[in-house]
Amino acid sequence: MLRVHNDLTRRLEPFAPANPPEVTMYACGVTVYDACHLGHARAYVAWDIVRRYLEHVGYEVRHVQNFTDIDDKIILRAAERGEEPAELTRRWEAAYFADMDRLGILRATDYPRATEYVAAMLRFIEGLMAKGHAYAVPDGSVYFDVASFPDYGRLSGRSAEDLGQRTRLDEPDPNKRGPADFALWKAAKPGEPSWTSPWGEGRPGWHLECSAMAAELLGKTLDLHVGGIDLLFPHHENEVAQSEALHDAPFVTCWLHNGFVNIDAEKMSKSLGNFRTVRELLEVHDPMAVRYFLLQTHYRQDLSFTEEALEGATRALVRLRRSLAAREAALAPSTPLVEALGAKVARAFAEAMDEDFNTPRALAALWDARAEIAGLEDADAEAAGHAVAEVRRLAAVLGLDLAAGDAGGGDWPVVAAEAAARLRDVPDHGLAAADQPEAQLAHWLEARRAARIARDFARADAMRGHLTGAGFVLADRKDGSVEVTHAEAQAWAWVWAPEGVPLA
RNA sequence: GGCGGCAUAGCCAAGUGGUAAGGCAGAGCUCUGCAAAAGCUCCAUUCCCCAGUUCGAAUCUGGGUGCCGCCUCCA
């Protein structure tokens, strides 16, 4: 049975959607004005795992994630660049998808844009005003009246007094009746994009879009609402207030929040300037390795980013893949032991994931299975491939493709192609230069093979030394083929196979 | 000031009462012409500190210390 940590109750509780097998899940999306960094990747990988696991255990998830495509930062950035806000936001939406697709994040059911739901938001505000929960001020803005909603603060654990105390430190906004009141509708300043409303030209407040779009697309009460812990207050608190004030129904049954990515013990964020974009990370690292890295930490915990840890995750992924690949072809009729092994890993995996999506433990279950598969003997070893398939199937629930990236696949990374090209400049071995990196490397490997057959190991090792100097790592295999990797190309491998008789 | 979180081996990180998962790094070995890869073995008597509860605590309670986050945009 799946149990989840509900931030509304601050407890682990059974997952109980209102209308199973359907699950409604709303994820707070990004403001599309800049590149995604590892922190964003962390959040969306976490929710991708939640979605995948729910589907794995039989739920049908309606997953909605918004794009905030109108706000102060967008307006400012578009003005700086001299382009329309819509051009800017469409560009960053595309960049968002490019990054997240590479990380293997499943597409949501819907990606509503705030600017396309302004009419729904205006109806929302009018409803709140009719019920006395909102008020307009002279400049044309509309605020939510927090005092009219006694339950305010339940999600974030803040009392009215807490909020009052803070305001002594800040300059009070003369427009607001109460210190915690927040804008539902912001009056437009000259030159800003705006929509017509009963209160004049303006644009929706940030908190409102999630409430309005969630209600439009998923209904008044959501099974799951997810987002970063930084959104807990005030964003999610305000969403609850608006939605429940209007609908007189619980807004969200279960809230999930993910922890931060820390770098040097500090939150990774735009404003601190200590972020690593997904795009730049993927220039060097296998997307699956980045995903694996993120899954090593439970989603609610802060995650420490270090290059060392990311590289460690990459090596772990490569070893897990290779270890399994070594047994994948063993598909003789299965045996009781192999069947039991498959069932055991599936059980351990489910136990881990059922405990609030404990991906570190789920990964450990996969590693335990790897060791058992490697230790199989005789008839069981002949059938090991069936257990490998089971491990890969479970890994896929985490969005990890353990079959990919192994020998033979993938384009040549730039570093490897450049290294191969440099081999042409080594004046030795009487080899013809070749244009393609594959052909260039194949010349060397063929010559080295000839030397090895002639048992001229000094020459063969000298050739390997040159290749090693260029960054290539050779792995001789029993059949005479050579697996080639490159020290700077994470998780990349290329296999050269000789024509003719294999090495004796 | 208010609210909340975290402190586990060189690094990342599970573990909420029963005697420290997993990965990376490191060491040894097997295999190999030699390597690499793969495989096997080893690697925290101890969980920030001090009291307490308990037959028993990394886990519960109290008190410290340190770090981080939210309260303004933020995944």
Side-chain angles (χ1 to χ4, degrees), chain A residues 7 10 12 27-31 33 36-47 68 71-73 153 156-159 161-170 180 206 226-235 237 257-262 265-272 275 292-293 296-320 322-323 325-327 348 352 355 358-368 370-371 374-375 407 452 455 457-458 460-461 464-465 468 472-478 482-485 493:
Chain A
D7 286 315
R10 297 178 185 80
L12 210 55
C28 280
V30 290
T31 300
Y33 75 105
C36 289
H37 61 242
L38 188 59
H40 298 105
R42 207 245 168 138
Y44 299 114
V45 165
W47 312 137
T68 297
D71 91 322
D72 292 340
K73 293 188 296 297
S156 60
R158 276 157 228 253
S159 65
E161 300 93 74
D162 298 341
L163 296 162
Q165 239 154 358
R166 188 184 67 77
T167 52
R168 286 186 214 130
L169 309 172
D170 296 347
W206 175 46
V226 302
I229 186 64
D230 48 345
L231 300 180
L232 181 68
F233 187 88
H235 186 52
E237 192 69 62
H257 291 94
N258 66 278
F260 293 126
V261 173
N262 287 163
E266 270 189 328
K267 172 186 174 181
M268 180 181 289
S269 75
K270 292 271 170 60
S271 48
L272 289 169
F275 59 90
Y292 183 100
F293 170 70
Q296 281 185 305
T297 305
H298 183 83
Y299 78 92
R300 305 190 73 236
Q301 297 294 346
D302 282 357
L303 178 158
S304 308
F305 173 83
T306 64
E307 282 292 346
E308 188 185 3
L310 216 201
E311 282 170 20
T314 304
R315 290 182 200 201
L317 178 67
V318 169
R319 181 157 89 92
L320 189 56
R322 285 185 177 168
S323 182
R327 298 285 204 178
E355 200 78 355
N358 193 323
T359 54
R361 266 172 63 195
L363 288 175
L366 265 31
W367 278 97
D368 290 343
R370 181 219 62 79
R452 292 180 70 212
R455 303 193 71 76
F457 295 119
D461 289 349
R464 181 171 60 195
T468 303
F472 290 104
V473 181
L474 308 189
D476 293 317
R477 308 206 295 194
K478 290 264 192 249
V482 182
E483 183 178 306
V484 182
T485 53

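The sequence lines fix the lettering, A, B, ..., with proteins before strands; numbering per chain opens at 1.
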- Task: In whole angstrom, give the distance that lies between atom NE2 of A:His37 and atom P of B:C73.
- Result: 17 Å
- Return the value, rounded to whole Å, for the distance between atom CZ of A:Arg300 and atom P of B:A14. 12 Å
Between N or O atoms, less than 3.5 Å apart, protein on one side and nucleotides 34-36 of chain B on the other: list the pairs.
{"from": "B:C34", "atom 1": "O2", "to": "A:Arg464", "atom 2": "NH1", "distance (Å)": "3.4"}
{"from": "B:C34", "atom 1": "O2", "to": "A:Arg464", "atom 2": "NH2", "distance (Å)": "2.3"}
{"from": "B:C34", "atom 1": "N3", "to": "A:Arg464", "atom 2": "NH1", "distance (Å)": "3.0"}
{"from": "B:C34", "atom 1": "N4", "to": "A:Asp476", "atom 2": "OD2", "distance (Å)": "3.2"}
{"from": "B:A35", "atom 1": "N6", "to": "A:Asp476", "atom 2": "O", "distance (Å)": "3.3"}
{"from": "B:A35", "atom 1": "N1", "to": "A:Asp476", "atom 2": "N", "distance (Å)": "2.8"}
{"from": "B:A35", "atom 1": "N1", "to": "A:Asp476", "atom 2": "OD2", "distance (Å)": "3.4"}
{"from": "B:A35", "atom 1": "N3", "to": "A:Arg464", "atom 2": "NH1", "distance (Å)": "3.1"}

- Under 4.0 angstrom, heavy atoms only, what part of the nucleic acid is A:Tyr44 near: base, sugar-phosphate, or nothing? sugar-phosphate
- Message: So does A:Arg319 get a backbone contact from the side chain of A:Ser323, meaning a donor-acceptor N/O pair under 3.5 Å?
- Response: no
- Message: Regarding A:His257, tell me which of base, sugar-phosphate or nothing describes its non-hydrogen contacts under 4.0 Å with the strands shown.
- Response: nothing
- Note on the structure: Here the distance between atom C1' of B:A75 and atom CG of A:Asp7, to the nearest Å, is 14 Å
- Message: Rounding to an integer number of angstrom, what distance separates B:G18 and B:A25 when you compare their P atoms?
- Response: 32 Å
- Task: Report the residues that fulfil salt bridge (charged side-chain N to carboxylate O under 4.0 Å, His left out) with A:Lys73, sequence neighbours left out, ordered by chain and then residue number.
- Result: A:Asp71
- Query: Roughly how far apart, to the nearest Å, are B:G56 and B:A38 at atom C1'?
  - Reply: 43 Å
- Message: Rounding to an integer number of Å, can you tell me how far A:Glu307 CD sits from B:C12 P?
- Response: 14 Å
- Task: Identify which one of A:Thr359, A:Leu310, A:Leu317 satisfies the side-chain contact (heavy atoms from CB on, under 4.5 Å) criterion when paired with A:Tyr292.
- Result: A:Leu317
- What residues form a side-chain hydrogen bond (donor to acceptor under 3.5 Å, both in side chains) with A:Asp368, not counting sequence neighbours? none
- Message: Just the rounded figure in Å: distance from P of B:A37 to CZ of A:Arg327.
- Response: 19 Å
- Nearest-Å distance once atom P is located in both B:A58 and B:U65: 24 Å
- Task: Provide the distance between the two P atoms, one in B:A14 and one in B:G22, to the nearest whole Å.
- Result: 15 Å
- Between CD on residue A:Glu237 and CZ on residue A:Arg158, distance to nearest 0.5 Å: 8.0 Å
- Note on the structure: Quick tally for nucleotides 17-29 of chain B: nucleotides whose base has a protein heavy atom under 4.0 Å get B, sugar-phosphate-only ones S, the rest -, giving ----BBSSS----
- Note on the structure: Sorted by chain and residue number, the salt bridge (charged side-chain N to carboxylate O under 4.0 Å, His left out) partners of A:Arg42 (sequence neighbours excluded) come out as none
- Item | Partners meeting side-chain hydrogen bond (donor to acceptor under 3.5 Å, both in side chains) with A:Asp476 (sequence neighbours left out) | A:Arg448, A:Arg452
- State which residues pass ring pair (Phe, Tyr, Trp, His ring centres under 6.0 Å) with A:Phe472; sequence neighbours excluded, sorted by chain then number. A:His486
- Message: Under 4.0 Å, heavy atoms only, any strand: does A:Ala27 hit a base, just the sugar-phosphate, or nothing?
- Response: nothing
- Quick one: which residue pairs count as a salt bridge (Lys or Arg N to Asp or Glu O under 4.0 Å) with a foot in residues 303-315 of chain A, not counting sequence neighbours? A:Arg276-A:Glu307
- For A:Asp230, the salt bridge (charged side-chain N to carboxylate O under 4.0 Å, His left out) test, sequence neighbours excluded, returns A:Lys267
- Query: Looking across every strand, which nucleic acid part, if any, lies under 4.0 Å from A:Gly227 by heavy atom: base, sugar-phosphate, or nothing?
  - Reply: sugar-phosphate
- Item | Spacing between A:Asn358 atom CG and B:U16 atom C1', to the nearest angstrom | 13 Å
- Item | Spacing of A:Glu237 atom CD relative to B:C3 atom P, expressed in whole Å | 15 Å
- Query: Checking all strands, does A:Gly375 fall into the base, sugar-phosphate, or nothing category for heavy-atom contacts under 4.0 angstrom?
  - Reply: nothing
- Looking at residues at least two apart in the chain, or sitting in another chain, which of them share a side-chain contact (heavy atoms from CB on, under 4.5 Å) with A:Ile229? A:Leu232, A:His257, A:Phe260
- Task: Determine the contact category for A:Val226: base if any of its heavy atoms lies under 4.0 Å from a base atom, sugar-phosphate if only primed atoms, P, OP1 or OP2 are that close, otherwise nothing.
- Result: nothing
- Query: Can you tell me how far P of B:A38 sits from CG of A:Leu320, to the nearest Å?
  - Reply: 11 Å
- Taking the C1' atom of each, how far is B:C11 from B:C43, in whole Å? 14 Å
- Counting only Watson-Crick or G-U wobble pairs whose two distances fall under 3.5 Å, which nucleotide matches B:A25? none
- Message: For the CE atom of A:Met268 and the NE2 atom of A:His40, what is their distance to the nearest 0.5 Å?
- Response: 10.5 Å
- Message: Just to verify, what does A:Ala475 make a side-chain contact (heavy atoms from CB on, under 4.5 Å) with, not counting sequence neighbours?
- Response: A:Glu483
Pull out every protein N or O sitting under 3.5 Å from an N or O of nucleotides 68-70 of chain B, one pair per line with the distance.
{"from": "B:C70", "atom 1": "OP1", "to": "A:Lys267", "atom 2": "NZ", "distance (Å)": "2.6"}
{"from": "B:C70", "atom 1": "O2'", "to": "A:Phe233", "atom 2": "O", "distance (Å)": "3.1"}
{"from": "B:C70", "atom 1": "O2", "to": "A:Arg158", "atom 2": "NH1", "distance (Å)": "3.4"}
{"from": "B:C70", "atom 1": "O2", "to": "A:Arg158", "atom 2": "NH2", "distance (Å)": "3.4"}

